[in-house]
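Only one structure is covered here, and it is reproduced in the block below.
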Amino acid sequence: MSNFETNAIRIQAERSGAKEHSAPIYLTSSYKFDDAEDMRALFANEREGNIYSRYSNPNTSELIEKMAVLEGSETGWATSTGMAAIFTTFAALLKSGDHVLSSRSIFGSTHQLLVNIFPKWGITSSYADLDKPEEWESLIQPNTKLIFVETPSNPGIDIIDLEWLAKLSKKHNALLVVDNCFATPYLQQPIKLGADLSIHSATKFIDGQGRTLGGLILGSNKLIGEIEAFARHSGPAMSPFNAWILSKSLETLAVRMDRHCESALKVAEFLEQNEEIELVKYPLLKSHPQYEIAKKQMKAGGGIVTFVVKGGYERASKFMDSLKMFSISANLGDTRSIATHPASSTHSKLTEEERLQVGISQGAIRVSIGLEHIADILHDIEQALEVSKLQIA
Ligand SMILES: *Cc1c(COP(=O)(O)O)cnc(C)c1O
């Protein structure tokens with residue numbers, strides 16, 4: 001099998017013998033051994049098989065196998081949440097004295113890990129800007145072991161050339177780790193562009209229906225082996241039930257992403273024409289500063305649009321309160337369209353200065369475009385812009 005959609009549907013776990021067409025859920029904490037020798041051989045890694053669901057389970061194995069094929073990686077590892085995937089990767093691969101160079105514009109909790117948690121264990125970090133690639137090389141230190149990047153970034157929708165960054169990382173013997181959450185493997189495959197690991201919050205577009213948390217790490221047998229050695233004993237395992245949901249979700253990822261992208265582009269184009277909007281960021285708008293890179297490395301622009309409404313916090317909050325259909329929520333990548341005000345929610349732990357450095361002003365709103373009819377999505381945004389304009393006039 002070679003095509004994305006087919007792999008996402010047809011790769012399947014072992015079956016129970018009942019000839020079920022759809023994968024069953026393996027709710028079992030442990031597994032039986034044929035005999036004492038079988039147990040010994042499995043523990044000695046001489047034979048492959050399930051031992052205990054903190055290590056592996058048919059549902060998580062199916063999800064990992066599918067995702068590895070979709071990302072073009074050798075193998076992968078599944079975790080309970082996206083943050084568990086990021087924490088596990090850093091904790092497994094870094095030691096005291098190591099340094100991480102990260103894009104400045106990253107998920108709020110990843111920022112917390114780098115700034116407040118890892119320094120306690122002697123792991124330091126510094127930030128570089130996605131829109132200033134010329135500065136990256138000078139920020140690499142002799143102890144820089146890992147380069148971490150989110151592209152497109154949350155919520156600034158900045159982009160960096162992954163092929164270029166992979167070459168720079170190799171030159172300095174650093175691992176390149178990409179948070180591929182916004183793009184999903186359907187739109188962007190960092191490992192094929194030279195990255196060492198691709199990480200996902202499966203909570204977002206991979207589930208796609210706002211039901212469950214999950215994380216995935218994809219990469220080589222060697223690196224995933226190191227991550228597995230850490231994760232087996234520290235315990236961030238994904239539950240079989242969540243793995244079952246996420247594997248089912250992958251079956252519809254391509255059709256969902258096609259619609260998310262088509263509608264998000266229409267929203268971005270609509271906003272760009274609107275006088276009430278100061279700025280719109282969407283990868284496939286020609287006005288995006290990294291439009292050419294986005295076109296080169298992404299199949300389409302994704303489901304997230306970030307824009308700045310005129311009138312600062314007052315206008316932004318009134319706009320959010322005037323939305324009739326959109327949900328106000330911190331999540332993204334759902335069938336339901338969602339609006340978030342990053343400055344007061346996901347990025348509220350940053351200082352105002354830190355926020356402005358990554359383009360999050362008080363008027364910035366991030367929308368995750370859902371799968372409702374495009375006319376209803378556009379109508380809701382348009383009427384909320386009108387109502388909020390009258391309210392602050
Ligand atoms: C949500 C998110 C995460 C964290 O994932 P959880 O599943 O919530 O732990 C990491 N990176 C990005 C870009 C995200 O949007």
Side-chain angles (χ1 to χ4, degrees), residues 60 63 67 71 76-91 100 102-115 117-118 127 130 146 148-160 162 177-188 190 195 197-218 231 235-239 241-243 245-246 249 257 260 264 281 283 298 301-306 329-334 338-342 345-350 358-360 364 366-370:
T60 47
L63 176 65
M67 277 295 290
E71 283 268 352
W77 190 258
T79 55
S80 54
T81 67
M83 283 322 301
I86 294 171
F87 176 83
T88 299
T89 299
F90 289 166
V100 176
S102 169
S103 51
R104 189 186 307 280
S105 184
I106 48 172
F107 189 67
S109 294
T110 312
H111 171 75
Q112 289 299 316
L113 282 185
L114 290 176
V115 171
I117 297 184
F118 279 107
Y127 286 140
L130 290 174
L146 195 150
F148 183 84
V149 71
E150 238 178 67
T151 178
S153 65
N154 176 23
I157 318 289
D158 288 314
I159 287 165
I160 198 161
L162 284 174
V177 179
V178 180
D179 183 332
N180 201 27
C181 173
F182 270 33
T184 82
Y186 183 60
L187 302 181
Q188 175 172 280
L197 293 169
S198 178
I199 298 189
H200 290 275
S201 166
T203 313
K204 312 296 166 55
F205 290 102
I206 291 180
D207 171 44
Q209 288 145 87
R211 301 164 297 186
T212 188
L213 301 171
L216 285 149
I217 312 163
L218 291 312
M238 179 184 280
S239 84
F241 181 72
N242 286 1
I245 289 188
L246 292 167
S249 301
M257 289 312 291
H260 282 299
K281 287 290 274 298
M298 296 178 72
I304 311 292
V305 183
T306 297
S329 170
N331 199 19
L332 58 92
D334 196 308
I338 292 170
T340 306
H341 182 254
S345 60
T346 50
H347 291 69
S348 58
K349 299 282 185 297
L350 274 66
V358 291
I360 308 172
R366 183 190 76 194
V367 285
S368 171
I369 301 305

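First listed ligand is number 1; within each ligand, the first listed atom is number 1.
- For the pair Asp158 and Arg104, the minimum side-chain heavy-atom distance is 4.5 Å or more.
- Thr79 places a side-chain N or O within donor-acceptor distance of the main-chain N or O of Thr81, the cut-off being under 3.5 Å.
- Figure legend: cation-pi geometry between Lys281 and Phe182 absent, as NZ or CZ is not positioned both under 6.0 Å from the six-membered ring centre and within 45° of its axis.
- For the side chain to side chain contact (heavy atoms under 4.5 Å, CB included) with Ile338, the lone residue among Ile369, Leu332, Val367, Asn331 that qualifies is Asn331.
- Residue Gly82 approaches ligand 1 through these ligand atoms, each under 4.0 Å from one of its heavy atoms: 5 (O), 6 (P), 7 (O), 9 (O).
- In this structure, atom 4 (C) of ligand 1 lies nearest to the protein heavy atom Phe107 CE2, 3.4 Å.
- In terms of protein heavy-atom proximity, atom 15 (O) of ligand 1 is nearest to Lys204 NZ, 2.7 Å.
- Within the listing of ligand 1, atoms 13 (C) sit less than 4.0 angstrom from a heavy atom of Glu150.
- Note: Tyr127 and His111 have parallel aromatic rings, judged against thresholds of 30 and 60 degrees for the angle between ring planes.
- Near Met83, meaning under 4.0 Å from any of its heavy atoms, are these atoms of ligand 1: 4 (C), 5 (O), 6 (P), 9 (O).
- Relative ring orientation between His260 and Phe205 is described as perpendicular, the plane-to-plane angle rising above 60° on a 0-90° scale split at 30° and 60°.
- Around atom 12 (C) of ligand 1, the closest heavy atom drawn from Thr346, Asp179, Asn154 belongs to Asp179.
- In terms of protein heavy atoms, atom 8 (O) of ligand 1 is closest to Ser201 OG, 4.2 Å.
- If you number the atoms of ligand 1 from 1 as listed, the ones under 4.0 Å from a heavy atom of Thr203 come out as 6 (P), 7 (O).
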